[in-house]
A.B. asks: 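The structure under discussion is supplied below as structure tokens; questions concerning it will follow.
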Amino acid sequence: MASLVSSPFTLPTTKVDHLSSFSQKHYFLHSFLPKKTNQTNSKSQMRVKCAAVGNGLFTQTTPEVRRIVPENIQGLPTVKIVYVVIEAQYQSSLSAAVQTLNKNGTFASFEVVGYLVEELRDETTYQTFCKDVEEANIFIGSLIFVEELALKVKAAVEKERDRLDAVLVFPSMPEVMRLNKLGSFSMSQLGQSKSPFFQLFKKKKQSAGFADQMLKLVRTLPKVLKYLPSDKAQDARLYILSLQFWLGGSPDNLVNFLKMISGSYIPALKGMKIKYSDPVLFLDSGIWHPLAPCMYDDVKEYLNWYGTRRDANEKLKSPNAPVVGLILQRSHIVTGDESHYVAVIMELEARGAKVIPIFAGGLDFSGPVERFLIDPITKKPFVHSVVSLTGFALVGGPARQDHPRAVEALSKLNVPYIVALPLVFQTTEEWLNSTLGLHPIQVALQVALPELDGGMEPIVFSGRDPRTGKSHALHKRVEQLCTRAIRWGELKRKSKEEKKLAITVFSFPPDKGNVGTAAYLNVFASIFSVLKDLQKDGYNIEGLPETSEDLIEDILHDKEAQFSSPNLNIAYKMGVREYQKLTPYAAALEENWGKPPGNLNADGENLLVYGKQYGNVFIGVQPTFGYEGDPMRLLFSKSASPHHGFAAYYSFVEKIFKADAVLHFGTHGSLEFMPGKQVGMSDVCYPDSLIGNIPNVYYYAANNPSEATIAKRRSYANTISYLTPPAENAGLYKGLKQLSELISSYQSLKDTGRGQQIVSSIISTAKQCNLDKDVDLPEEGEEISVKERDLVVGKVYSKIMEIESRLLPCGLHTIGEPPSAMEAVATLVNIAALDRPEDGISSLPAILADTVGREIEDVYRGSDKGILKDVELLCQITEASRGAISTFVEKTTNKKGQVVDVADRLSSILGFGINEPWVQYLSDTKFYRVDREKLRTLFKFLGECLKLIVADNELGSLKQALEGKYVEPGPGGDPIRNPKVLPTGKNIHALDPQSIPTTAALQSAKVVVDRLLERQKADNGGKYPETVALVLWGTDNIKTYGESLAQVLWMIGVRPVADSFGRVNRVESVSLEELGRPRIDVVVNCSGVFRDLFINQMNLLDRAVKMVAELDESEDENYVRKHALEQAKALGVEVREAATRIFSNASGSYSSNINLAVENSSWNDEKQLQDMYLSRKSFAFDCDAPGAGMTEKRKVFEMALSTAEATFQNLDSSEISLTDVSHYFDSDPTNLVQNLRKDGKKPNAYVADTTTANAQVRTLAETVRLDARTKLLNPKWYEGMLSTGYEGVREIEKRLTNTVGWSATSGQVDNWVYEEANTTFIQDEEMLNRLMSKNPNSFRKLLQTFLEANGRGYWETSEDNIERLRQLYSEVEDKIEGIDR
């Protein structure tokens, strides 16, 4: 993180005199001269203490290694210097400079001590720091960008600022920059003054251009200032010179820097004329090689030198050698801290690759990338892949990033872009011992930000020595990095005919009917379309079947076979000796799985690899975790290692099939969830060992950026997004349809005598449809007044509208087949339903409501209460929205339903105000007076969205990745909230974890929390809940920019505070007056994915809860404090420790395993499921010891849960609901809390639904019913699924299994849901046969699930139904077995 600006080369001290004789352009390098070792170790000058303390912090080094106390004080004045830097590369240079000055001590002796900014987290270190500052003459700070620590520095220095002789702060946060003072020069007015220097810091939208402007200033100002008479100008000039010296970094430059500052500002030395030389300046950017005679700023010259190297073999000089570009930080080169760079260059050359290492002094590397890595004439890249060893975003480093500029430069370069990591805040040992891996702040700055540029493969390649602070290469990791960089480059060089591709599909839960599972994806149809396309493109794919059905046949060999019989197609049998030879880590797996081959993916003698090869393409089935069927293993609090079969699969792909790339097909497999460090893995982490050296391309659902990010970080994947199927409205069917007809006849006839009669029919039909659970209905035949009648009808109508307009993804997506324009209508209607104030766009419902003089929010609220005229108005608004948008889409498409150039069509439409299709449509409705300007803005935006939805980029991006080109990055998330997710086919990234929660998210969170507490008060006799147990998901927080995170903060009554860069690393409490209610206690269960992505935010939450527990407030207004005091007393600990509320899995483990137990029916009773939850989810995060990772605190977890009166989850997008995935019930603690509570009372369970503009808080039971009605029991949904064949049956079975999961964890599923499902799928003969013929294995599982639901007491039904199910079960068994015989 070295220099924000520029940083020259260190020169050996003896060379300085000769400088003038060299041409100004090239400088001598010191890197290959023998280092003088005697300097740092000479005992006489330096007392060194080195201790690593286990304080639970990440940085356990001590500033004492950076303390030098002069011994020979011959009556000379002492100058004490204290410095704070972000990383240690200045340590050796500065120590050397001070020792030189003390050795030649003629005018003063120097005492110096340095601190790394992270060390200041430790209270004792901070106290020492404050004491040092009190005794100091000079304070120096550089690159202090972490807000909480910046404030600590500011507090300590501010007290002493007036007394200090000089305060020099080089680029840091404005708060710290304002401390600067040199004589009359000060920056305390920073951001207010008119001078050009201050203007620089003022620009809110500073991009990295900021660093470049600063560089220009640094170069020109001293010349100008020299001629200004005033002291002020001289002081400003010395500040700029100081900056040049500092960025010069070499011991020599620093000697002169200290001479200049002491001579000019230390009162005792003022009279002595201390002579100093000007700073030695070097190239700002250029090409550097440790063996080159000089630095180059011209590629041609560098390549000429490369061609004449005597030390290089012919292979390196050959024009066919792979070429790798490296991006380096200049400050490491100039301070002589570059051994880790040299190691990477040497390793690449040893592997036969040419290297072009470029560096830049500023933080904008985009210029040098374009200048040195792209041929100016042909515009082709000189390199095959690029590795950045800086760890930073390409443009802007740790300060402000400019991602669009970076993407532009990298797109021109168009090669794979890898961002490797030097350890910054930890020593090597600390990193090796940490279960988290990288320090959270480094993850935020150096992993999350480069991902926004399209960077991949965050491999840690260098560590730090705790004594000298120097970087050193980690050789195993450097090998991994270099091999992978060359392998990515190979994809650019190899021809298509010779490239080998291993496509990997998943099978989860393990069952023959589940091969090829992936979220929302028709896997085999997609693979088929991908292979057809690659074949046309020139890839060698022999013997590809004619249709995707035949492809399934080929791989499953026989899809009606059992999984346990070896009837999947076996592609390879690997003997045990071969397996051990190819898999270096095989012995490590024996602790969990015994000796190979074991009994998974094995036949007793060999390990089996399932799949099928077509020419140069292998389609394989990834083995599963292996412990899903074993209840004992599911209880372990940490996950087991991969089994032998799993390891054998990847050894086969890499070493026997010799794949050039592996393509993981769909969301998601198990590889990236194997145990190991969370981020920044070492060579003993399983995901790293498994993926080995194979470039990994991964098709991932665009709406799941969080798990995609884990695949990027832990399996080094280039994640390419695919679209979720087009959404449609659920619509109405059977009794629900009759109801809607009855309601419309009531509206036309209610004033005649038939009103009462129709209401009776409505009531009885609603009861048949089980709506009496959701709406209070009067008894049939009861006389009710006209007003009450309207209310009953209004409530039923509102419920039906809710069901009808629910969005469903219909069918499954096939890669290479984008939705047609008309299929996109429902998605567009929903995009149009949200206000987008930042783009000046009003929502369509708001514009329409406005036309009839209403606020849309009022209409929503009235409709929720069941006020008939509001329900009706909302219905009209919805219909008008759909109509206007359908008309618009029809007008922009041609006969084939493809979108024609929207812009042209629009401009011809927009040219004449009269015939805009949406205005025409609305002119026949009650909204004919609509505001045309607002509509025009909205439809222009919708036109752009439509183009993006139907764009087809998924295949194109895959081909780019396989040809070793750059895949453009883009955010993942919900296309309705954030249309920037489209078009798909981008390299998915999450977001900057320090940017959430946003202000908008906080607003939405307040609404939901208030509705939740209102609802709970209503259900709980007017009392607030004392504790709410809730779940935080990774994906939800990315899609909503931290809404659920903000909900937790608002419950306990704190608000997030952003720093001057807009990053959230601090909270402050909201007063009880403003809050207007007590502070609610929380128990937060973070998913493993949330823990990996948002560890900073877990830190923030933990700090917030502990802060609230320590507030001096009464217990009936602060439930957090109330419970923390009780628990502290019971456990005999401090209040702070008792207030532990932020829990998750152990590092490297995911989920509570309840989902695995339910999917595989491997559990005995609910108590066993609850034990799994407690043993796996009771790991706490502690903000006082963030480096300790997750530590088990089961007692506190149980005590906190036992106070919960409500459980709560969020649903944030239409395509994933409670029964679509197993994650939701997997982390639901409802029944568990009931068991832990002393009174045995079941907590109320709520679900917030923010999928539409009208946010709702429903009970869990209501949500499960809504889900069953709109999906499982809805013909539109299940017919859409069945149209995809084999995969569709599995989707139906999965929904039923997940429903049983909800019965098991919460008991909130009504009997009628199972009864109706049985009627729909089992009692209908024709349906039964369709299910059986399309996928007999999944059908068998469906029958088993019905029988299990009955056996476990979740479904009461007639003996006949059960008998029928048993009989069918044995028929299917026979059918499957019979075919096997």
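Note that this is a predicted model, so its numbers are computed, not measured.
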A.B. asks: Using a 6.0 Å distance limit plus a 45 degree cone around the ring axis, check whether Lys500 lies over the aromatic ring of Phe657.
C.D. replies: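 Yes, Lys500 and Phe657 form such a contact.
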A.B. asks: Do Gln535 and Tyr614 have side-chain atoms, one donor and one acceptor, less than 3.5 Å apart?
C.D. replies: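 Distance-only check fails for Gln535 and Tyr614.
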A.B. asks: Could you tell me whether Lys499 and Glu490 make a salt bridge, using a distance below 4.0 angstrom between a side-chain N and a carboxylate O?
C.D. replies: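 No, Lys499 and Glu490 are not salt-bridged.
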A.B. asks: Kindly write out the residues that satisfy ring-ring contact (aromatic ring centres under 6.0 Å, His included) with Tyr1150, not counting sequence neighbours, or none if the list is empty.
C.D. replies: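 Partners of Tyr1150 by the ring-ring contact (aromatic ring centres under 6.0 Å, His included) criterion, ordered by chain and then number, come out as Phe673.
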A.B. asks: Would Trp593 and His643 count as a close aromatic pair, with their ring centres under 6.0 Å?
C.D. replies: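 Yes - the distance between ring centres of Trp593 and His643 falls below the 6.0 Å cut-off.
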A.B. asks: Please tell me whether His472 and Ser462 have a donor and an acceptor in their side chains that are separated by less than 3.5 angstrom.
C.D. replies: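 His472 vs Ser462: no donor-acceptor pair found between side chains.
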A.B. asks: Does any donor atom in the side chain of His664 or Tyr699 lie under 3.5 Å from an acceptor atom in the other side chain?
C.D. replies: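 There is no such pair between these side chains.
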A.B. asks: When you measure from the side chain of Asp550 to the backbone N and O of Pro545, does any donor-acceptor pair fall under 3.5 Å?
C.D. replies: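 A pair under 3.5 Å: no.
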A.B. asks: Quick one about Asp465 and Thr427 (side-chain donor to acceptor, distance below 3.5 Å, no hydrogens or angles considered), yes or no?
C.D. replies: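 No pair is found: no donor N or O on one side chain lies under 3.5 Å from an acceptor on the other.
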A.B. asks: Identify, with sequence neighbours excluded, every residue that meets side-chain hydrogen bond (donor to acceptor under 3.5 Å, both in side chains) alongside Trp488.
C.D. replies: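 Checked Trp488 against side-chain hydrogen bond (donor to acceptor under 3.5 Å, both in side chains); matches are Glu457.
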A.B. asks: Is it true that the side chains of Gln622 and Tyr650 contain a donor and an acceptor less than 3.5 Å apart?
C.D. replies: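 Yes, because at least one side-chain N or O of Gln622 sits under 3.5 Å from a partner of the opposite role on Tyr650.
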A.B. asks: Return the set of residues passing salt bridge (Lys or Arg N to Asp or Glu O under 4.0 Å) with Asp688 (not counting sequence neighbours), or none when no residue passes.
C.D. replies: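 For Asp688 the salt bridge (Lys or Arg N to Asp or Glu O under 4.0 Å) partners, ignoring immediate neighbours, are Arg477.
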A.B. asks: Is a donor from one side chain sitting under 3.5 angstrom from an acceptor on the other, for Asn540 and Lys496?
C.D. replies: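 No, no side-chain donor-acceptor pair sits under 3.5 Å.
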A.B. asks: Not counting sequence neighbours, list each pair that qualifies as a salt bridge (Lys or Arg N to Asp or Glu O under 4.0 Å) and has a residue in residues 649-672.
C.D. replies: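 Non-adjacent pairs meeting salt bridge (Lys or Arg N to Asp or Glu O under 4.0 Å): Lys494-Asp660.
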A.B. asks: List the residues meeting ring-ring contact (aromatic ring centres under 6.0 Å, His included) with Tyr686, not counting sequence neighbours, and say none if there are none.
C.D. replies: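 Result, ring-ring contact (aromatic ring centres under 6.0 Å, His included) vs Tyr686: none returned.
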A.B. asks: Between Thr583 and Ser651, does any side-chain donor sit less than 3.5 Å from a side-chain acceptor?
C.D. replies: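 Ser651 and Thr583 do have a side-chain donor-acceptor pair below 3.5 Å.
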A.B. asks: If you apply the rule side chain to side chain contact (heavy atoms under 4.5 Å, CB included), what do you find for Asp603 with Leu608, and how did you get there?
C.D. replies: CA-CA 7 Å; Asp603 60 7; Leu608 306 178; 3.8 Å; yes
A.B. asks: Going by side-chain contact (heavy atoms from CB on, under 4.5 Å), Val387 matches just one of Val355, Leu326, Ile459, Val419. Which one?
C.D. replies: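 Testing each of Val355, Leu326, Ile459, Val419 against Val387, the sole residue satisfying side-chain contact (heavy atoms from CB on, under 4.5 Å) is Leu326.
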A.B. asks: If we ignore angles and hydrogens, is there a donor and acceptor under 3.5 Å between the side chains of Gln678 and Ser1147?
C.D. replies: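 Side-chain D/A pair, Gln678 to Ser1147: present.
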A.B. asks: Side-chain donor-acceptor contacts of residues 342-352 below 3.5 Å, not counting sequence neighbours, with atom names and distances?
C.D. replies:
{"unit_1": "Glu347", "atom_1": "OE2", "unit_2": "Arg351", "atom_2": "NE", "d": "2.7"}
{"unit_1": "Glu347", "atom_1": "OE2", "unit_2": "Arg351", "atom_2": "NH2", "d": "3.2"}
{"unit_1": "Glu349", "atom_1": "OE1", "unit_2": "Arg309", "atom_2": "NH1", "d": "3.3"}
{"unit_1": "Glu349", "atom_1": "OE1", "unit_2": "Arg309", "atom_2": "NH2", "d": "3.0"}
{"unit_1": "Glu349", "atom_1": "OE2", "unit_2": "His289", "atom_2": "NE2", "d": "2.9"}
{"unit_1": "Glu349", "atom_1": "OE2", "unit_2": "Tyr306", "atom_2": "OH", "d": "2.4"}
{"unit_1": "Glu349", "atom_1": "OE2", "unit_2": "Arg309", "atom_2": "NH1", "d": "2.8"}

